[in-house]
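In what follows, a single structure is set out as structure tokens and then discussed.
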Amino acid sequence: MTRHLARGLLVLAAFSVSGCAAFSPDGGMTTVSDLTSQTINKDVAFVRTAEGASAVDARVRQLLSRTLSADAAVQIALLNNKGLQAAYNELALAETDLVEQSLPPNPVFSISRISGNGASEIERQVVGDILALATLPFRSDIARDRFRGAQLRAALATLRLAADVRRAYVRTVAGNEMVVLLTDAKATAESTAQLAVKLGETGSLNKLDQAREQVFYAETTADLATARQTATSARERLARLMGLWDDGLDFRLPNQLPPLPRRPQALPSIEADAVAHRIDLQIARLELTALAKSLNLTEATRFVTLLDLAGISRRTQDPEGPPFRERGFDVQFQIPIFDGGEVRVRQAAESYNFAFNRLTERAINVRSEARDAYRVYRSSYDIASHYQREIIPLRKIITEEMQLRFSSMQVDIFALLTEARQRLAALRGAIDARQRFFLAQADLQTAVNGGGAPAAVSDNPTTIAAAAPADGGGH
């Protein structure tokens, strides 16, 4: 009997192992790579060996050898950012959970010997968790869904980093462009302030006009200092996101933002696209599916949470007679007198309902975020285009006309300088408008594909999975 029971446990375990998950050679990165290549058309790499690290370093050095574009900065970050590598490590850990949940429980073998007064007894047992074996396919299926969710979370971390890099790149280049503009303005303001002092000493300029020129110089100096600090901080953030340090910090950036596209994108179905493509929604759907399966499994095993079967072989040696053997089995199960599983079922049901309501709320918010992101994108384009097509050309005409009038002595130098200050304000507004457009463009891509700021814990349905009851087979 013991031999047959042990053999039966081994056969059942063998059938269970045949459907078990195994470790993938890439740690589950194929799905992440496919999602990111479709969305942002960039390469990702999970660095796990010295050879892989050397290949990444060579690629990063190659990209840094040229003036960085936004796409190049994103590519460097996806290859070199250690925080993203840590997210990929979390994915590899999630795969270990998948493999662990797909393995049947190991049988337990025990042996005991009792002797006294010339008699002895040896007992051997092979114990197997029958409930865990019976529920193994269901638990493995749930674990597979959660691993798929972990892959999506790794892809979401990749998209989030790419979006952050684009924003930091835009702010850095715009900051540098503003510094150049204000540096030229400061030089002009300084010359004007010195001229005003000299004219004041000769009595040709009153104190009010002197103060106006001097305060413009002082304000421009303060604005330049602020702009330099802003640009420096933006560059440091960009360097952090790209994972650069030491020799890599001398990367080169263009002097100004790229021109606006000829026309804005037309996205009539942006809400549907966002709902279909947002990775955070895909994660929430997978978690909801896993919780539904967990609820079904909990309901199926609500009355039986412990079912162990043991095969027993006992050999007794009696000094007054020949030895004899005894064989049998032992079954252990829990009697649901006080706890009929209602608590576990209620917990699983409420976890499912919680995740469902959060998913519904998130879907509604995604549609709103997509609409708002597109409106901001279009209005930012219209404003930046208005500066480019209307305001800056008109300011150029005014400057040229004022210079002609100054040459013919129809206006004095201070009228020309007043117009220069107004033109400076227009140029600053144009730089700011272009910066806002490119930031809005990055936010639009984020609204459609995901990768925005991390959601609060209470808004993340995946947090419920950790609090969900065990998926059967537990003691």
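All values below were derived from every heavy atom in this structure, side-chain atoms included, with hydrogens, water molecules and symmetry-related copies excluded. Numbers for residues simply follow the sequence, beginning at 1.
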For Asp273, salt bridge (Lys or Arg N to Asp or Glu O under 4.0 Å) partners two or more places apart: none
Residue of the set Glu177, Arg171, Met178 for which side chain to side chain contact (heavy atoms under 4.5 Å, CB included) holds with Gln435: Arg171
Among all residues two or more places apart in sequence or in another chain, which pass the ring-ring contact (aromatic ring centres under 6.0 Å, His included) test with Phe147? none
Apply the test salt bridge (charged side-chain N to carboxylate O under 4.0 Å, His left out) to residues Asp145 and Arg148: give CA-CA distance (whole Å), side-chain angles for both, the deciding distance (0.1 Å), then the verdict. CA-CA 5 Å; Asp145 286 341; Arg148 170 66 176 170; over 6 Å; no
Under 3.5 Å, is there a donor-acceptor pair between the Thr158 and Tyr88 side chains? yes
Checking side-chain contact (heavy atoms from CB on, under 4.5 Å) for the pair Arg160/Leu156: CA distance, chi angles, key distance, verdict? CA-CA 6 Å; Arg160 179 172 296 130; Leu156 185 63; 3.7 Å; yes
Could you check whether atom CG of Asn255 has more than 12 heavy atoms from other residues, nucleotides or ligands sitting under 6.0 Å from it? no
Residues which pass side chain to side chain contact (heavy atoms under 4.5 Å, CB included) with Ala420, listed by chain and number, not counting sequence neighbours: none
Which of these passes side chain to side chain contact (heavy atoms under 4.5 Å, CB included) with Phe216: Thr418, Leu424, Thr192? Leu424
Any residue meeting side-chain hydrogen bond (donor to acceptor under 3.5 Å, both in side chains) with Thr39, in chain and number order, not counting sequence neighbours: none
Arg240: partners by salt bridge (Lys or Arg N to Asp or Glu O under 4.0 Å), with sequence neighbours left out: none
Would Phe251 and Leu238 count as a side-chain contact (heavy atoms from CB on, under 4.5 Å) if you check the C-alpha gap in whole Å, the side-chain angles of each, and the deciding distance to 0.1 Å? CA-CA 10 Å; Phe251 57 89; Leu238 179 60; 4.0 Å; yes
Taking side chain as C-beta onward, heavy atoms only, is Arg59 less than 4.5 Å from Leu79? yes
Could you go step by step and tell me if Met29 and Gln151 meet the side-chain contact (heavy atoms from CB on, under 4.5 Å) rule? CA-CA 7 Å; Met29 283 295 296; Gln151 290 177 308; over 6 Å; no
Please list all pairs passing the side chain to side chain donor-acceptor pair (under 3.5 Å) test where one or both residues lie in residues 218-235, with sequence neighbours left out. Asp223-Arg428, Gln229-Ser233
Between Glu419 (side chain) and Ile398 (backbone), is there a donor-acceptor pair under 3.5 Å? no
